[in-house]
Amino acid sequence: MRCSCGKEVYFTRIYEGTNLCKICFVRSIEKKVKKAIRLNKMLERGDRVAVALSGGKDSSAALYILNQIVKQRPDMEIFAISIDEGIGPYRIKTIRKSAALCRKLGVKHHVYSFKKEFGSPLPKLLKLNPRLNACTYCGVLRRDLLNRKARNLGATKLAFGFNLNDEAESVLLNFMFGNIGKFTRLGPVLKTENIKKFVPRLKPLREIPEEELFAYCDAVKIPYYSRKICPVGKESVRKSIRKCLHEMEEKYPGTLFQIVKFADVIIPPLRKHFENKGKVIYCSVCGEPASKELCKACELLRKN
Ligand code: SF4
Ligand code: ZN
């Protein structure tokens with residue numbers, strides 16, 4: 001079997017029934033991502049784009065492709081932010097890979113740690129509050145830090161490497177738990193114009209399946225860390241959904257796309273219906289956007 005251009009096949013897209021050589025595959029990924037950026041108006045004149053870079057394949061690919069666009073635009077800037085949660089050699093290695101990619105691309109790299117910003121690394125914070133799920137704790141603090149630092153560095157957009165699998169998992173997860181607030185915050189772009197301190201979030205890779213991002217990073221030789229998973233994150237509902245969706249996709253190719261497509265149809269009217277029309281609240285301790293008197297990060301830290 002050959003690619004339609006005649007070259008040897010590098011990747012087979014089962015859900016599309018296409019066989020692609022390395023060059024056609026790379027081109028098709030970049031074309032899809034750039035189209036999603038354009039159609040969803042992710043970038044605007046004068047944007048300063050911060051990329052949340054973990055050192056894994058997803059955020060590394062997001063930085064790589066966004067950098068291709070931004071470097072053609074003299075009015076735009078791009079930089080990367082990595083968060084060191086203090087989770088040992090795993091994070092040290094991923095941050096090394098992030099730094100290597102930023103050097104290769106000539107992109108400025110900023111690193112912030114839980115230890116410096118919240119007083120202790122994640123495992124220590126968790127010991128003080130063992131009933132909490134590690135990923136919930138970690139996710140809230142990381143998002144808080146990323147938003148704060150991106151804003152302080154003058155970012156007008158904050159881009160994440162969420163892929164198609166992540167988005168489909170989030171759709172099902174929030175649906176299962178009836179979390180309408182979080183559900184309506186899904187989608188390619190999250191802007192909350194009435195909340196000044198919130199940097200709009202972008203998900204340029206949201207239509208790209210996880211396995212294609214592995215193949216893309218390998219094809220264009222992006223340095224990323226893939227060997228070991230986080231030593232702190234434990235079994236969670238999200239992981240169970242991930243396994244289940246993996247099986248469904250194997251049996252019924254295209255399942256992930258259908259889930260995300262369905263969410264795309266129902267999210268805009270739901271957003272309109274449920275959007276927060278009340279007064280914007282800012283945390284009484286740190287001043288960051290909040291849904292009640294204390295933001296989620298201060299609430300978690302206070303419990304310690
Ligand atoms: Fe944090 Fe969980 Fe990710 Fe580990 S797996 S870095 S604990 S969110
Ligand atoms: Zn706060």
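The figures that follow rest on heavy atoms only: side chains count, while hydrogens, waters and symmetry mates do not. What you are looking at is a predicted structure, and each value in this text was computed from that prediction instead of being measured. Whatever order the structure lists ligands and atoms in, that order sets their numbers, starting from 1.
Annotation: protein N, O or S atoms under 2.8 Å of atom 2 (Fe) of ligand 1 (waters excluded) comprise C135 SG. Excluding waters, the set of protein N/O/S atoms under 2.8 Å from the Zn ion (ligand 2) reads C283 SG, C286 SG, C295 SG, C298 SG.
Ion pairing between a basic and an acidic side chain is recognised when a charged N comes within 4.0 Å of a carboxylate O; R91 and D84 show no such pairing. A salt bridge is absent between E85 and K115; no separation between the charged side-chain nitrogens and carboxylate oxygens falls under 4.0 Å. For K32 and E16, the salt-bridge test passes: some basic side-chain N is under 4.0 Å from an acidic carboxylate O.
Counting only N and O atoms by type, the side chains of H110 and S82 include no donor and acceptor under 3.5 Å apart.
Closest to atom 6 (S) of ligand 1 by heavy atom, among R91, R238, K239, is R91.
Both L202 and L105 are part of a single hydrophobic cluster, where members link through side-chain heavy atoms under 4.5 Å apart.
A side-chain hydrogen bond (donor to acceptor under 3.5 Å, both in side chains) check over residues 285-294, counting only residues at least two apart or in different chains, returns the pairs R151-E288, S284-E293, K292-E299. Residue pairs satisfying the side-chain hydrogen bond (donor to acceptor under 3.5 Å, both in side chains) criterion with at least one member in residues 199-208, sequence neighbours excluded, are listed as follows: E167-K203, E167-R206, R206-D264.
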Exercise. Going through the checks in order, is the side chain to side chain contact (heavy atoms under 4.5 Å, CB included) test met by C5 and C21?
Worked result: CA-CA 8 Å; C5 74; C21 71; 3.7 Å; yes
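Of the protein's non-hydrogen atoms, the one nearest atom 8 (S) of ligand 1 is R142 NH2, 3.1 Å.
Nearest heavy-atom pair, P289 versus F198, reported as atom, atom and distance to 0.1 Å: CG-N, 4.3 Å.
Residues Y15 and F257 bring their aromatic ring centres within 6.0 Å.
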